[in-house]
Amino acid sequence: MQTRVMEVDPLEDCRKVYKEAAAILEEGGLVAIPTETVYGLGADALNTEAVANVFAVKARPSFDPLICHFPNGKAIKDYTDVPEELQPLVDKLAKEFWPGPMTLVLPRKPIIPDIVTSGLPTVACRVPSHEVMRGVARALGRPIAAPSANRFGHISPTSAGAVMKELGGSIPLILDAGACSEGLESTILMPCLDEKGKPAVRLLREGPITREKLRGICRVLKPGKGKTAADEALPNAPGQLKSHYAPCKPLILWNPKEEFTPEDGVAYGLITYEGDSPLAAQDCWVETMPLSPGSGRLAEAAVRLFAVMRAMDENEEVQVIIAEELPEMGLGCAMMDRLRRAAAKRGE
Ligand code: AMP
Ligand code: MG
């Protein structure tokens, strides 16, 4: 199959492009669509065959449920049944963080097919801030189920070029709106009741909406804590496999305060946080790439993380990637989560 790339500038009138993408989805086809987090591989969420094809193209295991993307918060009400006691919290979170990089796991209506949720009684919902994903969902008139547009377990794509390398030849269309502005997958939250019966959220995946941002709004519980109506049937965070977001080469996490001792005959590439890391002063690297080239900014590092991992992976001189540990605060928590998974051995 030939993969077409269509450039799209959300500042211009893109209705024609949205219609064309929606027509492919309507027929059960797949389209790679940008969001502010990463590029998604989109399918009509109500078309079971199209969704099955997402799993096939990505080689994603069927027990890993997909996130549905909606053009606005109102549209979500037709697909979910939020218990009365959690509705005020859901409304508050939606008002604060949508459109944006937050996914809420909510009890689903039967209209959402089992294949989207891996049979779970809940569905993961998001209203992205990226105009293009919302525009295509609006043109389709149904939610778009979209995991990241990469082969399962690989590094998530933050540009159309990265999607092409991952899935070129397997999908008909990539919409190219340039680089993603967040660069990290959405924060996933499941509204629940805490032990006192007060509304709270379980943090199922760290992301751009940090604990700090959530703190003023409600309690943030660990996966498995608190109670939801759907609990009996619900594993805590399906799909949160230990090994994920992984480059093809081995990646080792390193504390910047410790000296690194290279093994003879191995070519190492170093990913540092800042431009002037103490690790970079050692002379054993065939390549060094900082996540935040200046004085170290977590937001800049987040935007660049997957692109830098990908560049290291593609550098033929590098055999093993050493990644400096990042400060675990704010966005650093989500980045360390991704780096730990990238460092975990395959199959875990
Ligand atoms: P992604 O790989 O970015 O598409 O994100 C999908 C992830 O969302 C899955 O791996 C799950 O961890 C999470 N997720 C999706 N649906 C549900 C659900 N119904 N319950 C809990 N987690 C979910
Ligand atoms: Mg993914």
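Ligands are counted one by one from 1 in listed order, and the atoms in each one are counted from 1 as well.
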(message) If we count only N and O atoms by modelled type, under 3.5 Å, do the side chains of S181 and E36 hold a donor and an acceptor together?
(response) no
(request) Specify side chain, backbone, both or neither for V38, according to which of its non-hydrogen atoms lie closer than 4.0 Å to ligand 1. (result) neither
(request) Go through ligand 1 atom by atom and flag the ones less than 4.0 Å from a non-hydrogen atom of D64. (result) 9 (C), 10 (O)
(message) On a heavy-atom basis, I'd like to know which of G40, P65, C125, A146 is closest to atom 16 (N) of ligand 1.
(response) P65
(message) Taking F55 as the starting point, is it possible to reach I33 by hopping between hydrophobic residues whose side chains are less than 4.5 Å apart?
(response) no
(message) Distance check below 2.8 Å: does S148 bring an N, O or S atom to the Mg ion (ligand 2)?
(response) yes
(request) Answer side chain, backbone, both or neither: which part of R60 comes under 4.0 Å from ligand 1, heavy atoms only. (result) side chain
(request) Pick one of side chain, backbone, both or neither for how I188 approaches ligand 1, counting any non-hydrogen atom pair under 4.0 Å. (result) side chain
(request) Using a strict 4.0 Å cut-off to heavy atoms of L120, name the atoms of ligand 1 that fall inside it. (result) 18 (C), 19 (N), 20 (N)
(request) Sort out for me which residue in L291, I321, I271 forms a side-chain contact (heavy atoms from CB on, under 4.5 Å) with M309. (result) I271
(request) Determine whether any heavy atom of T117 lies closer than 4.0 Å to an atom of ligand 1. (result) no
(request) From the options R108, E185, R202, R205, select the one whose nearest heavy atom is closest to atom 5 (O) of ligand 1. (result) R205
(request) Provide the number and element of each atom of ligand 1 under 4.0 Å from a heavy atom of P147. (result) 4 (O)
(message) Are there over 12 heavy-atom neighbours, none belonging to E7, within less than 6.0 Å of that residue's CD?
(response) no
(message) Using the rule given for side chain to side chain donor-acceptor pair (under 3.5 Å), can you reason through R126 versus T37, listing the C-alpha separation, both sets of side-chain angles and the distance that settles it, and then say yes or no?
(response) CA-CA 11 Å; R126 182 157 99 85; T37 58; 3.2 Å; yes
(message) If you count every heavy atom of other residues, nucleotides or ligands that lies below 6.0 Å from E316 atom CD, does the total exceed 12?
(response) no
(request) Select one of side chain, backbone, both or neither to describe which atoms of T122 lie under 4.0 Å from any atom of ligand 1, heavy atoms only. (result) both
(message) Using the rule that Ile, Leu, Val, Met, Phe, Trp and Tyr join whenever any side-chain heavy atoms are under 4.5 Å apart, tell me whether L106 and V220 fall into a single cluster.
(response) yes
(request) Quickly, which of T122, T80, T117 forms a side chain to side chain donor-acceptor pair (under 3.5 Å) with R108? Name it, please. (result) T117
(message) Which of the numbered atoms in ligand 1 are under 4.0 angstrom from any heavy atom belonging to L204?
(response) 21 (C), 22 (N)
